[in-house]
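Here is the structure we will look at, set down as structure tokens.
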Amino acid sequence: MHIPDGFINAPVSAAAGVVAVAGIAVALRRSSRELDDRTAPMAGLVAVYIFAVQMLNFPVGAGTSGHLLGGALAAILVGPWTGALAISVVLIIQALMFADGGLSALGLNIVNVAFVTVAVAWPLFRLLVRMLPRSRVAWMGASFVAALVSVPVSAAAFALEYAIGGNGTFSPGTVLAAMVGTHVVIGLGEGLITALTVGAVLAARPDLVLGVRDLLPKPELRTAPPVADGTRAPQSTTEGSPA
Amino acid sequence: MATVTRASTGPGHRHGHDVGEQLYVHRHTPVHLLAPEVKIVALVAFIFVVVATPVHQMWAFGVFLAILVAIAAVARLPARIVVPRMVVEVPFLLFAALMPLTGPDPQVQVLGVELSVPGLWAGFGIVAKGTIGVLGAIILAATTPARDLLAGLRALRVPSVLVQIAAFMLRYLHVVFDEMARMRVARESRGFEATGVRSWPVLGQSAGALFIRSYERGERVHLAMLSRGYSGTMPVLDDLRATRAQWLVGLMLPAVGLVVALAAWAVQA
């Protein structure tokens, strides 16, 4: 659910727009440094993925269901800059074409959903994976925590914007309490889905999880010298080599 | 979605299958023909003017709404297409409805219910400004093909890489959505039924598999582009720039809006 037009006043919306433009400019530069000319197709496909996975319904019971927001997931899988870039593009397309989120509030939505979530989730995830043992379960746990924390912090960013320039009669304290309170619950779901998704990618293609790529065991190259009769030398250790 | 008949689809018309084309309603009207960059700038400026208008001047929002309805009429967009798309704003109608019930004094009695006067105004402001914003964005998407919207962004000097990312996103949306639909069919044909939190590991597996497939598709797309000579920029085929006359026509929208907003501020003061 994105901020519509008229919820936050025009000066604060415009200021957030300036912040969003600056953030996207930095993200473009940093992401291009990682991806070169792969930036457009890779970030594009990541953006589609985030857009698609937001449509995947996770039933909670009693007829309700939730879906992934994807900020922490994108950061863990493809890194903070490409992740923020992909989510920003998703938000731009949603506002321009699907009327989802106001055009005047686009800057606010980009700041809250793309940048705040990633800025919280990525450092937290990196801190945790460096402290925890190098295992899939530990990395899933780190994903859970990073995603869980990122959602209420993003909600708190909205509450801050509301406190500065909100058009409404709720007191800023009420908004902060209500937003953070509900988003802790939403964050629990987000954390669980993010952890399960990261776990699934780790099981099949751990090298695609950028957040732990430097921690993966290096594949070991073992060689055996050829011998005259075509069979291998007895001291060779080719069997059981790691994948 | 487009109600155009096949017969009117001439050789100059572009009918793709990406998602933006489904939102697009094909017509030949001045609104459709206006350059996309003009439409984007005019709409964003207009919405900022609307957002900056004081809520107590209800008539101003009536004028804003009338302007957009008139543009939709000129663009010959039928209400049965525009109105259903406005459901995006329903959550905010509920949120706005809470404000009169919880807002501060003074209170007013409406049908025996105590309602807060400031809450009513705040709720009205959110509904009015939100509705105008949603209607404007719907008119933009219904009168501008996705491809032209991207060309408009490029004409507005949005960085080329960002426009390319958006273009890839729109182009592969259906491919990835179809992939997701096939995975759902595969799950359900194995007897899977998403019932509660206990089904989440399976859905998480699907989300993970979808990521791997999307990422690998991105790599394949990149290699295919390289083999066709891609070097980081896309060739621009239709570099049509808006004329001064188009800018003048388009910017009448925020200009008229500004006059209305200034009048509203004058009455307010």
Side-chain angles (χ1 to χ4, degrees), chain A residues 1 4-7 9-10 13-14 24-25 28 32 36-49 51-53 55-61 68 77 85-86 89-90 92-93 95-100 102-104 167-170 192-193 195-201 204-205 208, chain B residues 20 23 43-44 47-48 51-52 85 88-89 91-92 99 103-104 116 118-119 122 125-126 129-130 133-134 137-138 141 146 149 159 161-162 164-166 168-169 172-173 176-177 180 194-197 199-201 203-205 207-212 214-215 217-218 221-222 225 230-232:
Chain A
M1 203 159 87
D5 291 307
F7 210 92
N9 70 22
S13 301
I24 288 174
L28 270 174
S32 301
D36 293 316
D37 63 346
R38 289 196 302 146
T39 304
M42 295 316 299
L45 266 295
V46 172
V48 186
Y49 169 70
F51 195 80
V53 89
M55 309 277 167
L56 190 60
N57 272 319
F58 284 76
V60 183
L68 202 66
L77 290 177
L85 204 53
V89 171
V90 170
I92 292 169
I93 296 293
L96 264 182
M97 304 193 47
F98 296 91
D100 190 5
L103 280 173
S104 69
N167 295 322
T169 50
F170 303 126
L192 202 51
I193 304 171
L196 290 167
T197 307
V198 171
V201 180
R205 287 286 305 271
L208 291 191
Chain B
L23 297 168
L43 181 61
V44 171
I47 287 174
F48 264 101
V51 169
R85 290 188 190 174
V88 241
E89 65 161 343
F92 290 95
M99 287 192 174
S116 149
I126 287 170
K129 293 174 179 178
V134 166
I138 290 171
L149 272 179
V161 177
L162 202 63
Q164 284 184 52
I165 295 172
F168 276 106
M169 178 182 160
Y172 286 94
L173 210 51
V176 174
F177 271 68
M180 196 162 76
T195 46
V197 179
S199 60
W200 284 21
L203 294 169
Q205 290 276 353
L210 190 68
F211 172 73
I212 295 172
S214 303
Y215 194 93
R217 186 181 297 280
V221 167
H222 174 246
M225 287 163 66
Y230 177 73
S231 60

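By convention in this document, chain letters (A, B, ...) are assigned in the order of the sequence lines, proteins followed by strands, and residues within each chain are numbered from 1.
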- Item | Engaged part of A/Leu208 at the chain B interface, taking heavy atoms whose separation is under 4.5 Å | both
- For the candidates B/Leu162, B/Leu149, B/Val221, which exhibits the highest count of non-hydrogen atom pairs separated by less than 4.5 Å from chain A? B/Leu162
- Determine the minimum heavy-atom distance between B/Phe168 and A/Gly44, stating which atoms define it. CB-CA, 3.8 Å
- Identify the heavy atoms of B/Gly218 and A/Met42 that sit nearest to each other, and give their distance. C-SD, 3.4 Å
- CG of A/Leu45 to CE of B/Met169: how many Å apart, nearest 0.5 Å? 11.0 Å
- Could you grab the distance from atom CE of A/Met55 to atom CZ of B/Phe177, nearest 0.5 Å is fine? 4.5 Å
- side chain to side chain contact (heavy atoms under 4.5 Å, CB included) partners for B/Val44, two or more places apart: A/Leu103, B/Ile40, B/Phe48
- Query: Where is the tightest heavy-atom contact between A/Ala43 and B/Ile165, given as atom of each residue plus distance?
  - Reply: CB-CD1, 3.7 Å
- Message: Tell me which of these, A/Ala200, A/Ala47, A/Ala195, A/Ala40, has more heavy-atom pairs under 4.5 Å with chain B than the rest.
- Response: A/Ala40
- Check B/Val51 against A/Ala10 and note the closest heavy-atom contact, atom names and distance. CG1-N, 3.8 Å
- Query: Are side-chain heavy atoms of A/Ile193 and B/Trp200 found at a separation under 4.5 Å?
  - Reply: yes
- Item | Donor-acceptor pair, side chain of A/Tyr49 and main chain of B/Ala207, under 3.5 angstrom | yes
- What's the shortest heavy-atom distance between B/Ile126 and A/Gly6, and which atoms? CG1-O, 4.2 Å
- Query: Is it the backbone or the side chain of A/Ala25 that comes under 4.5 Å from a heavy atom of chain B, or both, or neither?
  - Reply: neither
- chain A: which of B/Gln205, B/Met180, B/Gln164, B/Lys129 shares the most heavy-atom pairs with it under 4.5 Å? B/Lys129
- Task: Go through the structure and list residues passing side chain to side chain contact (heavy atoms under 4.5 Å, CB included) with A/Ala99, not counting sequence neighbours.
- Result: B/Val88, B/Val134, B/Ala137, B/Ile138
- Query: Using a cut-off of under 4.5 Å for heavy-atom pairs, which of B/Ile212, B/Leu43, B/Val176 has the most such pairs with chain A?
  - Reply: B/Ile212
- Query: Roughly how far apart are B/Met99 CE and A/Asn167 CG, rounded to 0.5 Å?
  - Reply: 8.5 Å
- Mind checking the CG-CG spacing from A/Leu68 to B/Leu203? Nearest 0.5 Å is all I need. 11.0 Å
- At a heavy-atom separation under 4.5 Å, does B/Phe211 approach chain A through its side chain, its backbone, both, or neither? both
- Query: Quick one: what part of A/Val198 sits under 4.5 Å from any heavy atom of chain B, side chain, backbone, both or neither?
  - Reply: neither
